[in-house]
Amino acid sequence: MLKKTSMTTLAVVAGLVCASVQVLRGQDPLPQFGKNSVKEVVAAMTTEEKAKLLVGMGFNLDIPGLPEAPDDHKIPETVVGAAGRTHPIPRLGIPSITLADGPAGVRINPTRNGDNSRTYYATGFPIATLIASSWDSAVANRVGAAMGREARDYGIDILLAPAMNIHRNPLGGRNFEYYSEDPVLSGKIAAAFVRGVQANGVGTSIKHFAANNQEFNRMQSDSVVSERALREIYLRGFEIAIKESQPWTVMSSYNLINGTYASESRELLTTLLRDEWDFKGFVMTDWFGGSNAVAQMNAGNDILMPGVGDQTKAIVRAVENGTLSNQQLDTNVERVLNIILLSPAFKSANHSNQPDLALSAQISREAATEGMVLLKNDNSVLPLSAHAKIALFGNSSYDLIAGGTGSGDVNKKYVVSLNEGLADAGFELDPSLKQTYVSFIEDQKAKRPKPAPFMMPAPIPEMPVETGLIQQLANDREVAVVTLGRNSGEFVDRHVENDFDLSGPERDFVETVSKAFHAKRKKVVVVLNVAGPIEIASWRSMVDAILLAWQPGQDGGHAVADLLGGKVNPSGKLATTFPMSYRDVPSAKSFPGKELTGKPNLSRYPFAGKPAEAIYEEGIYVGYRYYNTFGIKPAYEFGYGLSYTTFSYSKVKLSTNRFQDTVTATLAVTNTGNRPGREVVELYVSAPQQKLKKPANELKAFAKTRLLKPGESQAVSFTITAKDLVSFDGTRSAWVAEAGTYSVNIGQSSLNINSSARLELASEMIVEKSRKLLGPATDLKELEPSK
Ligand code: BGC
């Protein structure tokens, strides 16, 4: 019998023989990423390597109480200022991939230490809400494609966009990064954007998944929300985007949903996202999100960003003590590797560092003109006549707010102000007024305290203009253009006072200018350079026209001038309601939530705020679903927007009035005015109420015509499927189309319906069955209409 030692010796000798045979044959004994299958590569990885891959190597935080980052965190970044990256594993040929924000463009540092040869500016595109207000998937696709090209050219593998949380409340600090209050509009626009980015071989990360609708204590806030509201409102847009565009990655959100961190929720990240929706990519946390690395791994949150050293150790320990199975760990690793296989870093595409910024600027300007919304235009004040003599008022006329702050900001090379845009378009502006504003703004900016990194600088007060000067300008100039500006950003929500509502001086200013100009029979145009809704109802009668320019990106001044001068006819419509007053907002009382006293901190980071909760007591009645169902008239409703021309709609025809599996709705839109223009056509469905209460109407589809000449018509058709008729019945965990008469309503806004047709459903249809998921532990008392 051979002794144990000699058996070992034999095994070692046999191993050496095998290895040397492989070497002789010129084979690498180790599997190599890309050459061998992902499974073979995973099999060759140590647990430490797997854990390392799943924990980013982005930040080296010097926070008391947190472990110092290991040395490999200090490997110099390839793209300076990117938000994060993954660990390479050179032994197996696995490269590091680089991730950069964000929704309005590629956020990286514009300059690099020791490199004076060139700059790394990226294009600042219009904010997401403007893009959605174009109601044009082609616009979203072009903007996505342009950002994808810049990302690729700067060596970025995954763009941390689009952001698509629902505008639950107009004060949401990051609403500007998000599309809309409606999930169908959000989902369709996001899908088109993702397809645009990914067509360049660069990935996206749709975020923040999910129910992350306020900034207040955002890392410890629990969104308490019913399963129905989650499914119909807060998850539906993600579902559409994932199914229609297969984003490479999803970013889980900071908040908890009904008591569990989104990043630690297996129901959210595995049962729903993978099993129900068939998502194939990987999930990453938001930066420092969640609290338990092992729970995150078990939930299917594959990568922890930006990565803190002890997370790797926690994962290794969990595998050793059995709280994380090798199978789960391998699944997470495989998902990440499958995406790295697609990445530019793996394909070793050399990046040029020379994106075509001029082309992007053109796309940014055009997109901006497509998404601005004309809210008011009495007696066709707009467009202005060529070379009109303008008195241009308002700080942000001279210092345009191109986009919001925080990770949704972009280091752009320039911002075209409205003053420059109007001057370039040939309008005559008052040089001394310009000088006064420019000096005032410079002086105020020099005086204000420097904001903390990523934080929004304090807004500067509106420059007071003496009444005498206003009167003199009213004599001398043909028209007054007054810009009102608002900014917002990550970490804080907006306020009602001096933000949603105009400040006293702003209101007085609008009034003084209006009185002075109207006294001379001159007109007053207001341009809103804002991130989201503000109160308009109380002052709109003072002015003749209002153009909602949003935050229109770096070429915004040119885009506004294109519309004011009539070079482009406005065609944007509201992606979010402008209520009469903040009091009317359905979540006015419960937003942004409250701090929970006596609860222990869930997060170990000092910047994580306090434990809090936001109770979504309005349920599914968010935005127009609330206003239209409860008969509350907004200042400007969802889907509203004017044009310099007019359109008529023919009667809508349905392919059948008895629903079986699909129906086609067809109509013709005609330009009945005297300027070329584009029209957004909106299709809403009103569903019968049997067991479930329903909103008065819900957007199901939309289309935008091409540029129609005066008198020209275009046929528009929509396909309605069973999923367009459903509501989510939580008691049966099913999407159900109830029997009865549906109304298909086609119109110019959610309140302005031009033509309707009846559609009968003979008997109830269970369109999809699900499992009970994610809901609150106890029944939530939600708002309901009385009938
Ligand atoms: C934001 C994310 C962003 C990440 C990386 C976080 O603070 O919530 O949207 O992608 O930072 O910059």
Side-chain angles (χ1 to χ4, degrees), residues 55-61 63 77 79-86 97-109 122 127-129 147 151 154 156-166 172-179 190 193-194 197 202-221 223 238 247-256 261-263 282-290 301 303-308 403-411 451-456 488-493 531 592 603 605-609:
V55 176
M57 70 167 191
F59 275 47
N60 183 10
L61 277 188
I63 297 182
E77 297 171 291
V79 185
V80 182
R85 58 207 164 127
T86 61
I97 56 169
T98 302
L99 327 173
D101 287 304
V106 181
R107 190 172 64 85
I108 57 173
N109 287 5
I127 58 169
T129 315
M147 283 190 210
Y154 278 139
I156 300 299
D157 298 285
I158 294 176
L159 185 73
L160 303 174
M164 51 180 307
N165 296 91
I166 290 292
R174 294 183 82 176
N175 281 1
F176 72 97
E177 292 185 60
Y178 307 148
Y179 292 122
F193 176 92
V194 168
V197 176
V202 170
T204 53
S205 191
I206 63 173
K207 65 189 189 183
H208 308 90
F209 191 58
N212 183 193
N213 309 92
Q214 43 273 322
E215 287 299 279
F216 173 76
N217 288 306
R218 65 178 185 171
M219 294 177 80
Q220 299 205 55
S221 174
S223 298
F238 285 101
W248 289 11
T249 79
V250 166
M251 188 190 292
S252 56
S253 55
Y254 281 129
N255 53 292
L256 301 92
Y261 266 122
S263 62
F282 73 75
V283 175
M284 69 179 86
T285 60
D286 198 347
W287 270 228
F288 304 101
N301 194 118
I303 287 205
L304 312 183
M305 291 306 295
V308 176
T405 63
S407 60
D409 199 359
V410 182
N411 294 311
F454 293 119
M455 298 298 281
M456 190 175 80
S488 65
E490 209 178 332
F491 308 109
V492 269
D493 293 307
S603 169
Y605 300 113
F607 45 80

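Counting convention: from 1, in listed order, for ligands and their atoms alike. Heads up: numbering here begins at 1 and tracks the sequence.
For Ser488 against Gly173, the heavy-atom pair with the smallest separation is OG-O, 3.3 Å.
Within the structure, ligand 1 has Tyr254 among the residues with a heavy atom less than 4.0 angstrom away. Ligand 1 has at least one atom lying under 4.0 Å from a heavy atom of Met251. For Arg174, the closest heavy-atom approach to ligand 1 falls below 4.0 Å.
Neither the backbone nor the side chain of Met219 has a heavy atom within less than 4.0 Å of ligand 1. Residue contacts with ligand 1, taken as heavy atom pairs separated by less than 4.0 Å, involve Lys207 solely via side-chain atoms from C-beta onward.
Heavy-atom contacts of Ser407 reach the following atoms of ligand 1: 1 (C), 2 (C), 3 (C), 9 (O), 12 (O) (cutoff under 4.0 Å). For ligand 1, the atoms sitting less than 4.0 Å from at least one non-hydrogen atom of Ala83 are 5 (C), 12 (O), numbered in the order shown with element in parentheses. Counting atoms of ligand 1 from 1 in the listed order, those under 4.0 Å from a heavy atom of Arg107 are 12 (O). With ligand atoms numbered from 1 in the order given, ligand 1 contributes 7 (O), 8 (O) to contacts under 4.0 Å with heavy atoms of Arg218.
With respect to atom 9 (O) of ligand 1, the closest heavy atom belonging to the protein is His208 NE2, 2.7 Å. If you check which protein heavy atom lies closest to atom 2 (C) of ligand 1, you get Asp286 OD1, 3.2 Å. Scanning all protein heavy atoms for the shortest distance to atom 7 (O) of ligand 1 gives Glu490 OE2, 2.5 Å.
At a threshold of 4.5 Å between non-hydrogen side-chain atoms, the residues Thr405 and Phe491 do not count as touching. You'll find the side chain of Met251 reaches within 4.5 Å of the side chain of Trp287, heavy atoms only.
Atom-to-atom distance recorded for Asn255:CG and Asn217:CG is 12.0 Å, nearest 0.5 angstrom. Taken from NZ in Lys207 to OH in Tyr254, the straight-line distance is 9.0 Å, to the nearest 0.5 Å.
No donor-acceptor pair closer than 3.5 Å links the side chain of Glu215 to the backbone N or O of Glu490. Looking at Thr204, its side chain never comes within 3.5 Å of a backbone N or O of Leu159 through a donor-acceptor pair. Although no hydrogens or angles enter the test, the distance criterion places no donor-acceptor pair under 3.5 Å between the side chain of Ser205 and the main chain of Ile158.
Between Trp287 and ligand 1, no N or O atom pair is found at a separation short of 3.5 Å.
Partner Met305 forms a side chain to side chain contact (heavy atoms under 4.5 Å, CB included) with one of Leu160, Asp286, Thr285 and no other, that one being Thr285.
Taking only non-hydrogen atoms, the option from Asp101, Leu99, Leu160 nearest to atom 3 (C) of ligand 1 is Asp101.
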